[in-house]
Amino acid sequence: MSNELLKVDDLKVRFKTDEGYVSTVNGVSFSVEQGETLAIVGESGSGKSVTSLALMGILPANGEIYEGAITFEDKDLRSLSKKEYRKMRGDDIAMIFQEPMTALNPVFTIGYQLRETLIVHNNMNKEQAHKKGIEMLETVGIPDSDRVMGRFPHQLSGGMRQRVMIAMALSCNPKLLIADEPTTALDVTIQAQILTLLRNLKKNSNTSIIIITHDLGVVAELADRVVVMYAGEVVEVAPIQELFDNPRHPYTRGLISSIPKIHDVVDELYSIEGTVPNPSNMPTGCKFHPRCPLADIECTKVHPELEYISEKHAKRCIKVKG
Amino acid sequence: MQSTEERVIMEVIDLKKHFDLTKGFIKKTHSKIKAVDGLNFQVYKGETLGIVGESGCGKSTTGQLMLGLLDATEGHIYFQNEDISAMSQEELRKARRDLQVIFQDPYSSLNPRMTVEQIIGEPLVVHGLASGKELKEQVRELMKLVGLREHQMKLYPHEFSGGQRQRIGIARALALKPKVIVCDEAVSALDVSIQAQILNLLKKLQKEMNLTYIFIAHGLPAVRHISDRIGVMYLGKMVELADRNELFEHPLHPYTYALLDSVPIPDPKLRKEHQLIKGEIPSPINPPSGCPFHPRCPFATEKCKIEVPEYREILPNHFVACHYPLLQEDTNVLPDSGISKVK
Ligand SMILES: Nc1ncnc2c1ncn2[C@@H]1O[C@H](COP(=O)(O)OP(=O)(O)OP(=O)(O)O)[C@@H](O)[C@H]1O
Ligand SMILES: Nc1ncnc2c1ncn2[C@@H]1O[C@H](COP(=O)(O)OP(=O)(O)OP(=O)(O)O)[C@@H](O)[C@H]1O
Ligand code: SF4
Ligand code: SF4
Ligand SMILES: [Mg+2]
Ligand SMILES: [Mg+2]
């Protein structure tokens with residue numbers, strides 16, 4: 001595919017812990033096209049954040065990629081030096097986090113931090129950077145932006161900080177924006193503002209976006225395509241409408257049926273029984289089998305491959321056909 | 001059918017909670033956070049009353065007040081016709097057996113050094129209601145009730161997943177056979193699939209034990225699912241309260257309308273532009289004059305900046321605090337509501 005921006009192939013990440021190595025991302029593959037919004041969904045602990053940190057080259061000290069390839073515009077990211085990776089992060093790939101304070105420095109003003117980013121990555125002088133900074137704050141819907149430039153992060157509300165972080169991430173016109181739960185900590189009216197912002201970003205500048213979330217509402221609003229993760233693996237990949245109309249993997253089906261529908265009140269919600277397995281004690285065979293309504297003895301023995309059932313739709317299950 | 005009085009299990013009248021805020025070492029400044037600023041509502045026996053609203057609007061404070069865990073600055077809270085705010089310590093202790101709470105974060109609300117058996121049994125021990133074999137039997141019953149297994153009795157909280165910890169919290173809350181349970185963001189931290197398990201469990205228990213729930217949450221789909229009636233709070237005030245379907249289908253307050261419109265709908269076919277409301281919630285230290293929503297409200301007039309809209313029942317069982325509610329053409333407003341149909 002010619003317009004493929006990012007390709008992740010069989011990515012495996014492990015952490016060194018007291019109990020030895022624990023592998024929490026177990027062969028994840030997906031790609032992101034130019035201008036595409038890809039959503040990654042899955043339960044807590046399924047490896048969404050770890051995958052994105054691995055892409056950004058910012059895994060915590062005890063974590064490492066031990067297999068797989070990450071290709072960004074024909075560049076092999078795993079072979080980059082620390083310095084090259086850092087430059088890449090400012091220029092081409094940017095990330096926003098659930099908690100904006102992880103990305104903002106509490107001792108510098110918003111203006112200082114925005115200017116620095118612009119000076120380093122866009123070769124601007126201080127004055128140009130200041131003007132551009134104000135412009136960026138306006139783009140993300142911050143009123144009174146020249147005054148906000150002089151404030152410190154803690155003087156802003158959560159929603160404002162989130163927007164400042166987005167402004168900072170966007171200030172270098174990244175080709176890929178990775179947003180890890182960007183609205184989870186925000187109120188719904190503020191969330192709606194941020195989602196609209198992300199949607200406009202895609203429309204106006206053709207930026208590719210990976211959005212990580214557990215909220216299927218957010219997915220339905222933003223994504224073109226969805227990757228569903230379970231226990232460190234991709235269990236289903238499908239275009240957005242296809243995923244909601246025709247989910248194939250039993251986990252995806254369960255997930256979609258468990259959401260309370262705001263317009264369709266039922267007496268009892270569908271629920272997936274049991275809980276997510278612990279990464280240091282994974283079930284044999286299909287990792288979903290202890291919770292799967294379709295599981296049989298074969299599922300406890302065979303580890304299913306991710307299988308494409310049509311050009312764009314893949315599932316990891318041996319029982320569900322087609 | 002019961003009369004209204006018989007149906008009411010709790011009633012809140014002109015309830016206020018203002019926190020004092022002292023800032024600065026050298027030049028001290030005093031101000032007040034109006035966390036709860038004049039609430040009036042009733043809770044019916046056996047119902048689930050949902051309370052929604054954005055962060056900081058006073059939901060948890062309201063819950064704490066209703067449990068007698070915070071002293072009110074002004075106003076009254078009646079539980080079975082007795083004023084909690086006027087009770088002696090001893091009376092309050094008794095009342096608290098009937099008023100329990102389930103918190104958002106099962107992590108921090110469970111003592112990490114106690115086994116599940118001790119955690120669930122503690123309220124029974126504290127109130128001297130059971131000991132020895134009988135205690136164990138009751139704990140076993142409670143664990144079964146919430147879907148925990150007997151062999152898990154001796155385990156510690158960290159050995160459980162988030163959803164299971166929430167079950168422990170629920171079992172503990174049920175130990176004293178309470179009448180009312182305040183669920184403060186009880187499912188908010190859980191994964192969707194686990195959320196569904198807990199919501200189903202809460203519904204089942206309500207039926208079996210004739211419980212009344214005050215269900216506080218910011219996640220609207222979950223609130224709609226579980227509640228019979230829903231109240232919407234904004235800056236320490238109740239701005240609207242109605243039956244859940246009525247509220248979702250015919251919101252009368254512009255804020256409720258905006259809040260509902262902001263919820264992302266999990267169906268890509270229904271993708272739409274949100275009617276964004278501008279700005280963010282103002283600080284409860286210095287709330288706006290008049291209608292607290294006026295700086296963000298698309299319908300605000302001069303009157304809204306000056307006059308506080310009265311909270312009143314303008315349709316049967318539908319309360320709202322707005323000078324210009326979003327009435328439909330054919331709506332029959334109550335004659336004494338002070339609202340005329342023609343705006
Ligand atoms: N620094 C670390 N050391 C050891 N294990 C880790 C570390 N960071 C993450 N993990 C483990 O990796 C697994 C995947 O975690 P990850 O943060 O990617 O989950 P997630 O899908 O983002 O979940 P959530 O929805 O809760 O954010 C988890 O089991 C987690 O405990
Ligand atoms: N003990 C306290 N001292 C001072 N201020 C407080 C105290 N408790 C709460 N507040 C303030 O009162 C207001 C209401 O808080 P409350 O916790 O009731 O909100 P909430 O609706 O539960 O919000 P959230 O959705 O974030 O849980 C907030 O501005 C909060 O900062
Ligand atoms: S392989 Fe078996 S256990 Fe796994 S999802 Fe398919 S049916 Fe369920
Ligand atoms: S009283 Fe006025 S400002 Fe307040 S919600 Fe109604 S129309 Fe809007
Ligand atoms: Mg995460
Ligand atoms: Mg709260």
Side-chain angles (χ1 to χ4, degrees), chain A residues 41-46 141 143 157-160 183 185-193 195-196 199 213-224 226 239-245 251 254-263 265-276 278 291, chain B residues 52-57 147 160-164 187 189-201 203-204 218-227 244-245 248-249 255 258-283 296:
Chain A
V41 298
E43 307 215 348
S44 187
S46 59
S157 70
M160 295 256 270
T183 59
L186 302 177
D187 283 317
V188 280
T189 61
I190 311 301
Q191 167 172 280
Q193 294 170 2
L195 293 181
T196 303
R199 211 189 263 175
T213 175
H214 61 267
D215 185 339
L216 285 172
V218 171
V219 173
E221 293 237 330
L222 274 186
D224 300 314
V226 187
I240 179 77
Q241 194 64 57
E242 171 90 3
L243 189 90
F244 279 82
D245 288 349
Y251 172 67
L255 200 60
I256 290 175
S257 345
S258 2
I259 8 174
K261 314 264 180 311
I262 218 159
H263 295 292
V265 182
V266 292
D267 221 30
E268 193 176 347
L269 291 169
Y270 178 86
S271 75
I272 307 173
E273 290 314 311
T275 54
V276 192
N278 185 331
R291 305 178 70 189
Chain B
V52 298
E54 295 180 278
S55 185
C57 69
F160 291 87
S161 69
Q164 286 173 319
V187 300
L190 303 174
D191 278 318
V192 197
S193 72
I194 310 298
Q195 232 184 64
Q197 293 174 7
I198 301 295
L199 288 172
N200 287 342
L201 173 66
K203 271 201 161 179
K204 178 190 96 148
H218 61 270
L220 282 135
V223 174
R224 178 171 201 188
H225 174 74
I226 200 163
S227 304
R244 78 163 163 203
N245 290 339
F248 273 80
E249 281 151 31
Y255 175 66
L259 193 69
L260 298 180
D261 182 76
S262 300
V263 180
I265 299 181
D267 181 349
K269 282 197 201 81
L270 301 177
R271 217 175 256 196
K272 56 161 190 194
E273 296 289 325
H274 294 287
Q275 296 174 14
L276 300 177
I277 47 169
K278 53 188 187 227
E280 302 183 26
I281 305 188
S283 153
R296 304 174 77 191

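The sequence lines fix the lettering, A, B, ..., with proteins before strands; numbering per chain opens at 1.
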Identify the heavy atoms of A:A220 and B:I265 that sit nearest to each other, and give their distance.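 Smallest heavy-atom distance, with atoms named: CB-O, 3.4 Å.
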If you look at every heavy atom in B:I277 and A:Q193, which pair is closest and at what distance?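 Looking at all heavy atoms of both residues, the shortest contact is O-NE2, 2.7 Å.
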Region of [X] in contact with chain A, defined by heavy-atom distances below 4.5 Å:
| X | result |
| --- | --- |
| B:I194 | side chain |
| B:E249 | neither |
| B:K269 | both |
| B:L199 | side chain |

Part of [X] lying under 4.5 Å from any heavy atom of chain B:
| X | answer |
| --- | --- |
| A:D245 | side chain |
| A:L222 | backbone |
| A:V218 | both |
| A:Y251 | neither |

Applying side-chain contact (heavy atoms from CB on, under 4.5 Å) to B:S227 and not counting sequence neighbours gives B:T48, B:V223, B:I230
Residues at least two apart in sequence or cross-chain that pass side-chain contact (heavy atoms from CB on, under 4.5 Å) with A:S271, listed by chain then number, are A:E273, B:A196, B:Q197, B:N200
Side chains of B:E54 and A:T189: any donor to acceptor distance under 3.5 Å? yes
Kindly indicate, with the supporting measurements, whether the criterion side chain to side chain contact (heavy atoms under 4.5 Å, CB included) is fulfilled by B:R271 and A:R199. CA-CA 11 Å; B:R271 217 175 256 196; A:R199 211 189 263 175; 3.8 Å; yes
I'd like to know which of A:S257, A:P260, A:G42, A:G254 tops the heavy-atom pair count under 4.5 Å against chain B.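 Looking at each of A:S257, A:P260, A:G42, A:G254 in turn, A:P260 comes out on top.
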Start with the C-alpha distance between A:L216 and B:V192, add both sets of side-chain angles, then the distance that settles side chain to side chain contact (heavy atoms under 4.5 Å, CB included), and finish with yes or no. CA-CA 9 Å; A:L216 285 172; B:V192 197; 5.6 Å; no
Criterion side chain to side chain contact (heavy atoms under 4.5 Å, CB included) on A:Q191 and B:V263, from CA distance to verdict: CA-CA 9 Å; A:Q191 167 172 280; B:V263 180; over 6 Å; no
Take B:S193 and A:E43 through the test side-chain hydrogen bond (donor to acceptor under 3.5 Å, both in side chains) and record every step on the way to the result. CA-CA 8 Å; B:S193 72; A:E43 307 215 348; 2.5 Å; yes
If you measure from the Lys or Arg side-chain nitrogens to the Asp or Glu carboxylate oxygens, is any gap between B:K204 and A:E268 under 4.0 Å? no
Once you round to the nearest 0.5 Å, how far does NE2 of B:H225 lie from CD1 of A:I259?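 One finds 13.0 Å between NE2 of B:H225 and CD1 of A:I259.
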Max heavy-atom pair count under 4.5 Å with chain A, selected residue of B:G53, B:S55, B:G147: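 The residue among B:G53, B:S55, B:G147 with the greatest pair count is B:S55.
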Within the 4.5 Å heavy-atom criterion, are A:L269 and B:K203 side-chain neighbours or not? no
